Every structure is written in C-alpha cells, then in structure tokens.
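First the structure, in the form of structure tokens, and then the observations on it.
Below, read A as the first sequence line, B as the second, and so on, with proteins coming before strands; counting in each chain starts at 1. Because the structure is a prediction, the values reported are computed rather than measured.
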Amino acid sequence: MTGTSQDGRSGTAFPSGPSDPTDGSGTARTHVADRDALLDVRDLRVSYPGRGWRAPRVRVLDGVSLWIRPGETLGLVGESGSGKSTIGRAVLGLVPVAGGTITFDGERVDNASRRRRRELSRDVQVVFQDPYTSLNPSLLIGDTLAEPLLAQGVSAREARGTVADLLDRVALPRDTVHRLPREFSGGQRQRVAIARALAISPRLIVCDEPVSALDLTTQRTVMDLLTDIQERTGVAYLFVSHDLSVVRAVSHRVAVIHRGAIVESGDADTVTREPEHPYTQRLLLSAPVADPDRQRERRAEYERRFHADAS
Amino acid sequence: MSAPAAEATAPRRSGTVRRFLTNPQAVLSCLVLLVIAGLVLFAPLVTQHDPNAAELSDAFGPPGGGHPLGFDSAGRDVWARLLYGGRNTLGGAALAVAVALVIGVPTGLAAGYHGGWFDSLASWWVNLVMALPAMVVLLASRAVLGSTVWVLMVVLGVLVAPSFFRLVRGTVAGMRGEPYVDAARVFGLRDSRIIARHVLVVVRAPIIIQVALVAGMAIGLQAGLEFLGIGSGSLPTWGAMLNEAFANIHREPLLMLWPGLALGVTSAALVLLASALRDVLEDRGTGPVTGRRARRAAADPPTTLEEAGERADLLSVRDLAVAYTLSDGTSTEVVHGVDLDVRRGEALGLVGQSGSGKTQTAFSVLGLLPEGGRVSRGSVLLDGTEVVGAAERTLRGLRGDTVAYVPQEPMSNLDPAFTVGDHLTEPLRSKLGLSRARARERALELLRQVEIPDPARVMASYPHQISGGMAQRVLIAGAISCDPDLLIADEPTTALDVTVQAEVLALLRGLQEERGMGVLLVTHNLGVVADLCDRVAVMREGRIVEVGATADLLTGPRDPYTRELLDAVLDDAPARAPWRPREVGTR
C-alpha cells in the first residue's frame, strides 16, 4: 500500500511477536523454515484506512511471523479483533499487505499480480466460518462445487465426475448436486464448503473458524473430517479459531495472537495445557469446563489471577 | 415484453417455473401479453387491410364486411391500424427498455462491484439524470432530433436507465462483502466470471420485475406524447389513434375506445405481471397466520392435569407444547410436552443443540413466541400466575418485576438511536413510576452493580460506542432493574469472547447469589452450565431427555443423548500429536 511504512520499518528487527521471549521455538525456526516450509509469513503488517478524512490508518497486524509445513495444521487462536482472520485473508490475497512477506512454496506471493494470484488459487483454498453465507444461495450445490474446477480450465464433463468424488469424500449423498444450499443443515453446508475447497487438490487450506457456527456434535464430526482428509491428501491447514480446545484437537502447532501480534507459539499440547504467556493463560482459564468441580477450581484460579488486578 | 420475461425464468430451477404456473395472476397477465404480442407481430396474417389506405367515402363507417371495428375519420380500417400501430407502440417501448438495460445494468454492476471513483461518478451522474423531468426532456429532444418515435424512445431509454442502475448497484453493493464472493475470488475466478455467475443470478429477479414496470411506463409516456400530437405524423400508433379519435369525440366517441382499450389492457397486464413476478421470483409465500387470529388461537385454556409431581414455587412448566402455523395453514409442533421447574434462587440450565426447542420453551415462559407460534397445550405457572392463555396485560405485569430476559445478541437488542441511559431509565419510569432524576440515579446504581467502571460515561454513550461485553452488562442491568424473581438468559455469552464470557458469568453468578434470583439459562455450552447452574435439563427434538443436579448429570449422564453431548465436549480431548513429515510419494 504505502511505500513509506514498508520502507521505514523493513530494516528494524521484529518489533513484537517473534522477538518475544515466549517465542523461543518461533524465532529460531523462521530460518529453518526456509527450506521445508510450505507457507512462510514474515513480519506481516496489515492496516486499514481510519475512519474520516486523513485519519491515521488502523493497524490490524503488527509484524506477524508464522510458517506451515506441508501436511501440517497450524492453529491460530485469538479473540475478536485480534487480527486472526486478517492473517488468513492476507494469505489468500483478499486484503492488501502493508509490509512484510508471504512466501508460498519458495515464491513470494504478497505482491503477486492478479493473474499469478488466480494461478495460485490452485494451491491455496479457503473454508469460511459461516456456512450460510459462504455458499451462493441461488446456485445448485453441483454448480458451486464445479466452480473452482471450471475456473482452472477443467472440462464440464470431467468436473461432474470430480464433484461426485468430492461428495463421497465429505460423506454427502451424490444427489446433493441437484439441490440448493437452503435445503441443508449447517453441518452439511460446511461439508459442501470443505468439498469445494478440496476440489482442485490444494496444498494449503485457510480454515477461518470453520466449526464455530456448528453444534457441538456436528463440530466434532467436521473436525474429524478435516483431520481425515489431511491424513489422506497431505494438505496443510491454517486453522483460525477463537476456541482453544478446538485448536488443540486439530492442530499440530498452535500460535496465539493478541492485538495483531503473535504472543506465543509452540506444539499444540504445550501451548494449550501449560501456556507461558499470561494472555494464553487467561484464554485457557476463562473457558469453562463441563465438570462442576474442575470448573470451580478453574474459576477460582481465574479470579485469583486476573480479577484482583482488573478491579 | 412478456416473452423475454417468461424465457428468463425458464433456466431457473423447476420450482420457479412451477410457482409461476400455479400463480393465476402471473399466468393470466402473461397470456394476455402473449396474445397482444402475437396479434401485433403477425398483423399481416390477421388482417389484409393496409393501415394507411384511406378511403374518404368510408370515413366513420360502421363495422362489418371484414372491418370488425369500422373506419376512422380518414376512412382507414381501425382494426388494421390498431394491429400495425401496436408494432410501433410496443416496439418503441421494447427499444426504450433495451436501451435502459444496456446502459443501466452494466454500469450498475461495475459501480456496485468495484465501488471507488467509478461508483461515485456514476451515482452523481445518475442523480443528475433522475432530477430531469422526463416529459420536458422528451419534448425538447423532439424539437432537436426530429419527431421519429424511435429516437424519442432511445431518449426515454436513457432517461429511465438510472432506475436499473440504482437497482443493480444497490443489490450488488450489498452482496460484495458476502463470503461466497470472496470464496469465488479465492477459487481464481476472474471478476467478469464472478459477476456473471454470482452477481447476475442475484440481480436477475429484480431486473425482470423492473423491466415489466418500465415497459408499462414507456408505453404510457409514449402514448401521452402522441396524444398531445407530438408523435411521428403518419406512423400509426395507439397514442396517435387516440389523438385523432379525440378530435372527433363528439362525432364518433367509439373510436376512442379501441386504442384506449389496447393501451389500458397492455399496461395493466404489464403491471400485474410485474407484481406476480415479484411473488414468484422472490419466493414470498403467504406468511404465517399472525395477529388477531394467531392470538386467539393461542388463548387455548391451560390443560388441567393430574399433578405430575410437586410444582416449584417460582416457575413451573407442565406438558408444554409449542406449535407453529405454517404458510399452508397446517401447524407443526416443535416442543412436545415439556416439564420444567425453577425454584427461588436456583439456576437451571436448559441445554440442547440448535433446533431442540430450548429457546421456544424459554420464549413461552415470557409469553413472547415469534409470529405464528403458540402454546398449543400445557401450563406455565410463573410465581403462581398462569401464563398460558393469559391476557397481554397480565403478561406485561409479570415481565420486568417477576421475570426478565437477557438475550443472546447484546448489540442487536439495543436501539442504536438511543443512549444506554435512555434504555435503562425508560422501563424504570414507566414500570416503577420513578421521576426522571430518580430513574437516572437508579440507572447509575445498576450500572455500578454490573461492574461497569465509568457508569456516567456509559450512560451517555450510544450502543455502537460500547463493546459487546459492555452491551451485555447493560442488558443485564436492564433485566435486573425492576428486581425480577426469575431471569431468563438465552445464550447470554455465546456472542462474546471467552474472556468476556468469564466476566459476564461471574457477574450473573454474583447477582444471582446476592439477590436470590432464579435463573433459567438457555445454552449449548456445557462448560457454562457447569459454571453457573445448580440443575440441568437436556433437551432434544422438543423433549426433555434428562434432568438432574449439574454435578450428577455432567459426571454420570444416564441418557445416551446426554452422553453423546458430553463426548463431543473437547475439554479432555487429547491434543494432536506433533507433525511428522509425510512419506514421499503420497501426493
């Protein structure tokens, strides 16, 4: 966007996030990542224009670095307004990048041309949170699923065959193709959205809160489906969620984002069970558990840690 | 005019065609237009007479002998003139619509989809064109460009293009941010393709409707011009025929009838078709039974039943069933005989997945079922008062000081036009009859009770100026303002961040303990239940499958469904094992 912000800061060390002491594994591995990372995001900055004339730009991401290896799931957890979805959107090329680099399979893509971006869509796909708005309500499921195939130049006939396969893979009946999104429940729609993302065998799927709008039991089956597909196809996921327990169950590694910066990252079990950063600890303790005794302890711990200094 | 409209609906799914065919207004008006269009198009086959062949001796001649409508003032065959004139009138209207479509739709798509400078410029231009009085411009352009009807129709097309532009631009701008458009972009679709596939589908229906309306208007305007004598001389048109007939209205008034009839029937058919198309394409069935009828239906007397156990003092629900009246007049039951009890000072969690009927149950207690819904059987005792079948006045008396409600979406439950202070003081003044100053004092105190740090500032804020968590605190403050005995909270923390949720739960727990309030907490989150509730009722498909003390139920569920719910909880799910590189050759 603006050259000044990019040039003015590109020389400085990461202002926050990766240089954070909690991110020991993080800083060291950005260099290792060069060789085997599928996606490598470095010092990513994104800002939106402020409201009103000549208002300062609002910084959404302030130097975020992360990386994902082939077939790996990186869980990105944070609260609303933390910028977690913006990272995904920047990787997909849906928001302009103000600074930093996004490298996919060794190629810089943050400044890709529109044409290159269209080609890249073969490799990078998306599943959005809300299965009710991410499918065009007036297109038949079959047309929705065939769309990415046709966009990549697959013949209509071949596309029909692939669509049938896709429906099998997400365990939906084949006659689904002749129906409209409104005939399906949230969980089924999310299966359609996943099938659509899988259509052209991408290597990375950005999952933006893919199970947040679903019921508890449906949530579990969709998560299992995603994991299962990953084991079979080796696709990598950037899994964005606000729910620490969801991220824990589907991710190999977890990064915690707070106010536009990664505050902690590491393997899933460590970050979600014994977090080091106070913010992650707060996230963990504030999620209630479905066991009254343990919840009482957790609540007491939470109030001891955070309520005293809040009031 | 009708032909393209009917064709355009064909490729849509068969449901649309069926809806079209079962809509008598649509079929009838479409048929009328088809007949008119057919007669006009095949005029040479329908009549052998030349519309311009004048035989002065036949002037004002009566019908008969191959001249079904007789002759006009110049001795020309009226029927032939009507048919051939229709070609010019309808053709002119079609031209105007086509021009308007060609100009309005692409610019509207571009402006709505891309926004930016083109949008600003085009909108500015459109506003300018819309400000021009169409009739004056048409008169002026006739003076400049000559009197051919076709030229005038092109000008008219330009003048009505803004109506298409605005329609398309508004619709497209509204859907630009939809995730499925973003998704299409991620799939590598070109903008042109996204517009063709996703955007056009959405604007198609409104455009078709608008075409019918604009065509009717174009016919009217054109006829008006011709009637004033500003037409194109010798060319037969319905408007020109009206004009000629008007000159001889005293001699042969019947001559006015035929062109007038043709114009009237065509315009009426177009307008009726437009409104029928709106029903068909925008899928608006007849709404559920509402208003008086629904209310009276709701007033079924409570069924008296043998006491199914002891009834709790604060809230006691017995055999509650909720039914919805569907658009076709039948009704469907969504809650099938629910029993619930909340004692004073007790917190009951009502748990279930979406569609289980838990919210419907809560709304029945409040007497606030959405339109079309009614309590079809059962009894709800609230502090000893029967709610089912009670008059609206009784219910109003109960709401506020006996039962209060905290909704799921804090933001959409605050009116953006009023400050937080207005929201809080209004019920205090109307319900408790406090003075303005007293109400303000009390509202500040309430905000302090819900642990809002700077009550005075929040009082003066508008809803959009406060955060979601703050808004939920304000709603809780409003709910407790009249000191209720029972608080019904419908997913009160679902829309909030988890750290904010913890704060709001702590607040609810504190208020409940402090005031001895009963709480009916509707939620899908078993963690929230564990945190706040003394007892839990699990609902599934409109029935309660299990009730019990929270600790017992969550640690030792008896019903298989409860167990299924608990199994889906991820608290103790193992974290995923660390990543290992895949073997080569699998992809």
Side-chain heavy-atom pair A:V124, B:V186 within 4.5 angstrom cut-off: no
B:V498 portion near chain A, given a 4.5 angstrom heavy-atom threshold: both
Pairs in or reaching into residues 550-564 of chain B: which pass salt bridge (Lys or Arg N to Asp or Glu O under 4.0 Å), with residues at least two apart or in two chains? none
At a heavy-atom separation under 4.5 Å, does A:E231 approach chain B through its side chain, its backbone, both, or neither? both
Determine, step by step, whether B:R185 and A:L94 satisfy the side-chain contact (heavy atoms from CB on, under 4.5 Å) criterion, reporting the C-alpha distance in whole Å, the side-chain angles of both residues, the deciding distance to 0.1 Å, and the verdict. CA-CA 8 Å; B:R185 220 170 281 165; A:L94 292 173; 4.1 Å; yes
Please report the closest heavy-atom contact between B:A183 and A:R196, naming both atoms and the distance. CB-NH2, 3.6 Å
So, does A:R248 use its side chain to make a donor-acceptor pair with the main chain of B:L570 at under 3.5 Å? no
Heavy-atom closest contact (B:D567 atom, A:R220 atom, distance): O-NH1, 2.8 Å
Distance-minimising heavy-atom pair for A:E147 and B:A184: OE1-CB, 4.2 Å
Name the region of A:R115, side chain, backbone, both or neither, that has any atom closer than 4.5 Å to a heavy atom of chain B. neither
Does any heavy atom of chain A fall under 4.5 Å from the side chain of B:R190, the backbone, both, or neither of them? both
Between A:A193, A:S80, A:A268, which residue shows the highest count of heavy-atom pairs closer than 4.5 Å to chain B? A:S80
Counting heavy-atom pairs under 4.5 Å to chain B, which of A:A151, A:A199, A:S185 comes out on top? A:A151
Heavy-atom proximity to chain B below 4.5 Å, by part of A:D143: both
Please state whether the side chain, the backbone, both or neither of A:T221 comes within less than 4.5 Å of a heavy atom of chain B. neither
Considering all heavy atoms of both residues, which atom of A:V250 and which atom of B:R576 are nearest to each other, and what is their separation? O-NH1, 2.8 Å
Using heavy-atom distances under 4.5 Å, tell me whether A:Q129 contacts chain B through its side chain, its backbone, both, or neither. neither
Could you tell me which portion of A:S251 (side chain, backbone, both or neither) has an atom closer than 4.5 angstrom to a non-hydrogen atom of chain B? backbone
Checking A:R298 against chain B: side chain, backbone, both or neither under 4.5 Å from a heavy atom? neither
Is there a donor-acceptor contact under 3.5 Å from the side chain of B:W579 to the main chain of A:L74? no
By side-chain hydrogen bond (donor to acceptor under 3.5 Å, both in side chains) - contacts of B:S412 (at least two apart): none
Relative to chain A, which of B:V569, B:D182, B:L554 shows the most heavy atom pairs under 4.5 Å? B:D182
Check B:A551 against A:P292 and note the closest heavy-atom contact, atom names and distance. CA-CG, 3.6 Å
Of all the residues in residues 347-357 of chain B, which have a heavy atom that comes within less than 4.5 Å of a heavy atom in chain A? B:Q353, B:S354
At a heavy-atom distance under 4.5 Å, which candidate from A:P70, A:S121, A:A249, A:G93 has the highest pair count against chain B? A:S121
Return each pair, listed once, that meets salt bridge (Lys or Arg N to Asp or Glu O under 4.0 Å) where at least one residue sits in residues 524-534 of chain B; pairs must be two or more places apart or across chains. A:R299-B:D531, B:R509-B:D531
Kindly give the heavy-atom pair with the smallest separation between A:E303 and B:A506, and that separation in Å. OE2-CB, 3.8 Å
Can you tell me if CZ on A:R259 sees more than 12 non-hydrogen neighbours from other groups inside 6.0 Å? no
From the list A:R69, A:H242, A:Q295, the residue making the most non-hydrogen contacts under 4.5 Å with chain B is A:R69
For each of A:T73, A:T227, A:L216, A:T133, tally heavy-atom pairs with chain B at distances under 4.5 Å, and name the one with the top tally. A:T133
